[in-house]
Amino acid sequence: MNQNKPLPPWANIIPKDAFISYSPTYKVGEYFDRFHKESFKPADFADLTYYFYDPSEHGFPKDKTYPLITFLHGASNALEGDVCINYAGGEFYAKDQYQKALGGAYLLIPLANEYRDEEGRVKGGWGEIPVNVLYELIDSFIKRKMDGRISKNILIGNSSGAWMTFNMGNNYAWFFDALIPVGAGEIPDDKMLDLYDKENVSLFYAIGKHDELNDFETLVAPRLERLKAMKNCFIYTPEWVQNGDKGIASINFGFEMGQHCLVNPMHCNLMFDDGTPMEPRLPNGVTGWIASL
């Protein structure tokens, strides 16, 4: 272990042969130039900024129907500018490898109107954006940028964005084909999960067992059997969140967040740097699961 780094509170309970990895092994920003940045004016709400990727600009036919994958970032990430593309988990989906696996896909990364108040606290996150506003943005994007043609509509959210992913699914289940909440403790009730099944919404539920913000035993474990009973729900609850180097992830910004930041390995398609899958049930990673829908 690197003693120059702060030890996470769980350091004494990891396996004896494990090591702590203090940052993702990938480079941030390599694919930012593949994204456009625009703004959208919803009805009766402030302008929303968003980034998007168009596969037809990168070798895919213009007249083909593609899935749309929308990524919702976590709290404070919109304050990071272009880096939010990465923090939301969307950057690598613009890579040739990911796009080939998906057969091409549009990518959309909306930004919550976050800002800091006079005391430095982050305001204006997803909790302050009505679901109808985000729905309007996504629906408008499909009509304006995709000519209304879409093969699948997929929503991925991380942390507070995962909460918003469930919130959007609960209000617009008919609109989505798949929901991928990453690091959310707010699992919908049975009635809502029944609605997901009725509307043929596939669910990829991902959270680490040592998540720092969501207590696994009280919030997640009691709901796992109900999730397993769904028509199409993939459950990924790793004992430890790992980086590409196979080390256990530690991210300390004054508060340890390594196990909460499952979006980092999800962003890497749940693949280690040596090409082996983090989850044996997903030999082709997250992109393989999406492509199978």
Side-chain angles (χ1 to χ4, degrees), residues 40 42 48 50-53 55 65-74 88-90 93 98 101-112 126-127 129-207 223 226-236 263 266-267 282 286-293:
F40 173 72
L48 292 174
Y50 64 91
Y51 297 92
F52 75 94
Y53 167 93
T65 298
Y66 298 100
L68 170 64
I69 308 176
T70 301
F71 298 82
L72 303 182
H73 60 78
Y93 281 77
Y98 284 37
L102 295 166
Y106 276 85
L107 310 177
L108 175 63
I109 304 172
L111 303 187
W126 293 119
I129 295 182
V131 289
N132 65 292
V133 168
L134 184 55
Y135 165 77
E136 186 180 344
L137 186 154
I138 298 173
D139 185 55
S140 175
F141 181 87
I142 293 170
K143 292 173 179 174
R144 291 182 294 111
K145 301 295 186 180
M146 304 179 69
D147 295 324
R149 296 180 293 110
I150 181 173
S151 60
K152 298 290 182 181
N153 193 1
I154 299 157
L155 187 60
I156 300 177
N158 168 50
S159 191
S160 66
W163 167 83
M164 190 62 164
T165 295
F166 271 141
N167 205 17
M168 289 294 290
N170 295 347
N171 285 273
Y172 297 98
W174 55 269
F175 186 57
F176 296 104
D177 295 288
L179 303 174
I180 307 178
V182 183
E186 306 86 1
I187 299 172
D189 61 23
D190 291 0
K191 183 178 180 180
M192 189 55 63
L193 295 182
D194 287 341
L195 179 62
Y196 286 6
D197 278 347
K198 180 181 178 181
E199 296 292 346
N200 293 313
V201 178
S202 297
L203 180 63
F204 189 125
Y205 180 73
I207 192 168
R223 302 290 291 143
R226 180 60 186 83
L227 290 178
K228 292 176 183 178
M230 293 182 66
K231 287 167 59 175
N232 188 13
C233 178
F234 190 89
I235 302 170
Y236 179 60
V263 68
M266 290 285 287
H267 194 193
L282 292 175
V286 183
T287 57
W289 185 83
I290 292 175
S292 70
L293 296 174

Donor-acceptor contact below 3.5 Å, side chain [X] vs main chain [Y]:
X: Ser140; Y: Leu137; result: no
X: Asp197; Y: Met230; result: no
X: His73; Y: Gly89; result: no
X: Asn158; Y: Gly161; result: no
X: Ser159; Y: Gly74; result: no
X: Asn167; Y: Trp163; result: no
X: Tyr205; Y: Ala184; result: yes
X: Asp147; Y: Lys143; result: no

Is [Y] close to [X] at the side-chain level, that is, under 4.5 Å between some pair of heavy atoms?
X: Ile150; Y: Tyr66; result: no
X: Leu155; Y: Leu72; result: yes
X: Leu282; Y: Trp289; result: yes
X: Asp139; Y: Phe175; result: yes
X: Thr165; Y: Ile156; result: no
X: Trp126; Y: Pro110; result: yes
X: Ile290; Y: Phe204; result: no
X: Leu107; Y: Phe52; result: no

Exercise for the section: Could you tell me how the ring of Tyr196 sits relative to the ring of Phe166: parallel (under 30°), tilted (30 to 60°) or perpendicular (over 60°)? Expected result: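 Rings of Tyr196 and Phe166: parallel, under 30°.
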Handout entry: Ring centers of Tyr93, Tyr53 separated by less than 6.0 Å
Key =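 Ring centroids of Tyr93 and Tyr53 are no less than 6.0 Å from each other.
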Nearest 0.5 Å, what's the [atom1]-[atom2] distance between [X] and [Y]?
X: Tyr236; Y: Phe234; atom1: OH; atom2: CZ; value: 8.5 Å
X: Ile154; Y: Leu179; atom1: CD1; atom2: CG; value: 10.0 Å
X: Ser151; Y: Met146; atom1: OG; atom2: CE; value: 6.5 Å
X: Thr70; Y: Leu134; atom1: OG1; atom2: CG; value: 7.5 Å
X: Asn153; Y: Ile69; atom1: CG; atom2: CD1; value: 10.0 Å
X: Asp189; Y: Arg226; atom1: CG; atom2: CZ; value: 9.5 Å

Considering non-hydrogen atoms only, spot the tightest contact between [X] and [Y] and give its length.
X: Asn170; Y: Met192; value: OD1-CG, 3.0 Å
X: Ala162; Y: Gly183; value: CB-C, 4.3 Å
X: Val201; Y: Ala173; value: CG2-O, 3.3 Å

Exercise for the section: For atom NZ of Lys198, decide whether the heavy atoms of other residues, nucleotides or ligands shown that lie under 6.0 angstrom number more than 12. Expected result: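 No, the 6.0 Å shell around NZ holds no more than 12 heavy atoms from other groups.
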Problem - Verdict with supporting geometry, Ile109 and Tyr50, side-chain contact (heavy atoms from CB on, under 4.5 Å) - result: CA-CA 5 Å; Ile109 304 172; Tyr50 64 91; over 6 Å; no
Exercise for the section: Just do the side-chain contact (heavy atoms from CB on, under 4.5 Å) check on Tyr106 and Phe141 with the steps written out, would you? Expected result: CA-CA 10 Å; Tyr106 276 85; Phe141 181 87; 4.1 Å; yes
Problem - Pair Asp190 + Arg223, salt bridge at N-O below 4.0 Å - result: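 Yes.
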